[in-house]
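Below is one structure, written out as structure tokens, with a few remarks after it.
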There are 2 protein chains.
Amino acid sequence: MPLRIAIFDDNKNIRESIAMLLQTEKDFEVVGSFAHVLDCLEDVTQCSPDVILMDIEMPGMTGIEAVKIIKHELPDVLILMQTVFEDDDNVFDSICAGASGYILKNFLNTKLIDAIKELEFGGSPMSPSIARKVLTKMQQIPQHVSNMPAPDYKLTAREKEVLACVVNGLSYKMIGDQLFIGYETVRSHIKHIYEKLHVASLTEVVHKAMKEGIV
Amino acid sequence: MPLRIAIFDDNKNIRESIAMLLQTEKDFEVVGSFAHVLDCLEDVTQCSPDVILMDIEMPGMTGIEAVKIIKHELPDVLILMQTVFEDDDNVFDSICAGASGYILKNFLNTKLIDAIKELEFGGSPMSPSIARKVLTKMQQIPQHVSNMPAPDYKLTAREKEVLACVVNGLSYKMIGDQLFIGYETVRSHIKHIYEKLHVASLTEVVHKAMKEGIV
DNA sequence: TACAATATCCCCACTTTTGGTGATATTTTT
DNA sequence: AAAAATATCACCAAAAGTGGGGATATTGTA
């Protein structure tokens, strides 16, 4: 079964030359080719590709927006971004939007086929310099969000529920309503949370819970 | 001027074969070779390498710990991790510790030279599957920490100071003492913060400030 | 079975926070 | 120079949270 590929690029020449290039691989099948992303969801749903080649610079809607939309509905398609520039913002926005690879247009003809195969194989093709940028970015991210496991304060399931409510800014009364328990019960749980977290106010609870990723 | 390389690996055979391999490149110079990382800081300071090849599995101290220590003192050295496994935790821990590349021991002989050159060129060599892991990880990270700039709520400098105190769990009274202003002044600032952030309680303030990276 | 932990609820007294409505002096902007 | 924003402080009443005691029923564990 061939790998189904869809192309989004506003330049007709590029679309056609990409399609031509991809057809040299007999495992690849170009199932769609679109000049804009305004109807990207329909387009993609219709041709159901395994891999999407998405241009970042697109008229009407940016390719990054399209990635978000498509990934939201179809989380399993792999999206390879193509662009002329590799400025930080576009790279990171694409990644956060859900792209799985990043290829520069200059190297399309020499590296596209390999990049797509890499994608298929579970890899993420990207230029070395982009990889560096990504790593550098990750290193700037606070520990707990990137990797540190949430410390275990031995909160019970119920206490965790209450904690989640507290973090979301609910008052005791609102928490009671939310969890179908009385005001005093909420208080009781929160007293226990205070003890276990070694804090003495709601603000500290929220701070600690968010900082350490308990919620 | 050749590229200075240091090797950390507890296996003598591997150290020597790596050194031999690297010496085939005339632009490379192996300036140090160490069996453990207990004195890594001294070792590295002494031989002042441009690139460090670090084994993850090391006796006494883990290679990841060593990376942290070295990077803290010498942020400019490039560190290439080498390992037999590519399990998530090690990969991410290494990255967070400050590694700039990640190579599997299986491919040392075929890819090490290229990997080091890539490092030198400002890239980050890593296997495609590791790259995918990294991207997937980044996509799970909340917007603001990864890329989104903190939204501007037009808080004044003073309000931001008060906000910081609130987030750190201080009470009105404590904030007043901290900033050398009266209780009522603190209240006044917080009222304004409530308006500007569209919230109505301290917990919401802490939550919003932390979630959106205002602090 | 006895014990420990959990989830639920109650009361009292006290502290803190909140909403509303001010005021004054200083700084910044227009 | 006038207007707007900022930083400072004040008072009152109502609402919410906190600390330190309890109690009871259920569930899980030794």
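Chain identifiers are assigned alphabetically (A, B, ...) following the order of the sequence lines, protein sequences preceding nucleic acid strands; residue numbering begins at 1 within each chain.
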Seminar exercise, completed: Between A:D50 and A:P2 the two heavy atoms that sit nearest each other are OD2-O, 4.1 Å

For this session: Starting from C1' on D:dA5, measure out to CD1 on B:I193 and report it in whole angstrom.
Result: 16 Å

Seminar exercise, completed: The residue, B:F180 or B:L155, whose nearest nucleotide of DNA chain D is more 5′ is B:L155

Seminar exercise, completed: Taking for B:S188 and for B:T203 the nucleotide of DNA chain C with the nearest heavy atom, the one nearer the 5' end belongs to B:T203

Exercise. So, are A:D55 and A:K105 salt-bridged, with charged N and O less than 4.0 Å apart?
Worked result: yes

Exercise. Using a cut-off of 4.0 Å on non-hydrogen atoms, how would the nucleic acid contact of A:T156 be classed: base, sugar-phosphate, or nothing?
Worked result: sugar-phosphate

Exercise. Among the nucleotides C:dA7, D:dG17, C:dT6, which one has an atom lying closest to any side-chain atom of A:S171?
Worked result: D:dG17

Exercise. Is A:K191 positioned over the aromatic face of A:Y194, cation under 6.0 angstrom from the ring centre and no more than 45 degrees off axis?
Worked result: no

Exercise. Do NZ/NE/NH1/NH2 and the carboxylate oxygens of A:D27 and A:K117 come within less than 4.0 Å?
Worked result: no

Exercise. To the nearest Å, how far apart are A:R187 CZ and D:dG22 P?
Worked result: 15 Å

Exercise. Please give, in whole Å, the distance from C:dT16 C1' to B:I190 CD1?
Worked result: 11 Å

Exercise. In whole Å, what is the span from the CD atom of A:E161 to the P atom of C:dT8?
Worked result: 8 Å

For this session: Figure out the NZ/C1' separation between A:K173 and D:dA15, and round it to whole Å.
Result: 12 Å

Exercise. Under 4.0 angstrom, heavy atoms only, what part of the nucleic acid is A:Y194 near: base, sugar-phosphate, or nothing?
Worked result: sugar-phosphate

Problem set entry | Base C:dT21 paired with B:K191 side chain (donor-acceptor, <3.5 Å) | yes

Exercise. Just to confirm, is there a sub-4.0 Å distance from OP1 or OP2 of D:dT8 to any side-chain nitrogen or oxygen of B:H189?
Worked result: yes

Exercise. In terms of side-chain heavy atoms, does A:E57 have a donor or acceptor partner in A:T83 at a distance below 3.5 Å?
Worked result: yes

Problem set entry | Sugar-phosphate only, base, or nothing, as touched by B:T185 at under 4.0 Å among non-hydrogen atoms | base

Exercise. Could you give the OH-to-C1' distance, from B:Y183 to C:dT18, as a whole number of Å?
Worked result: 9 Å

For this session: Give one of base, sugar-phosphate or nothing for B:S201, where a contact means two heavy atoms less than 4.0 Å apart.
Result: sugar-phosphate

Problem set entry | Length of the line joining B:Y172:OH and C:dG19:P, which is rounded to integer Å | 8 Å

Exercise. Tell me: CD1 of B:I181 to P of C:dA25, nearest whole Å?
Worked result: 19 Å

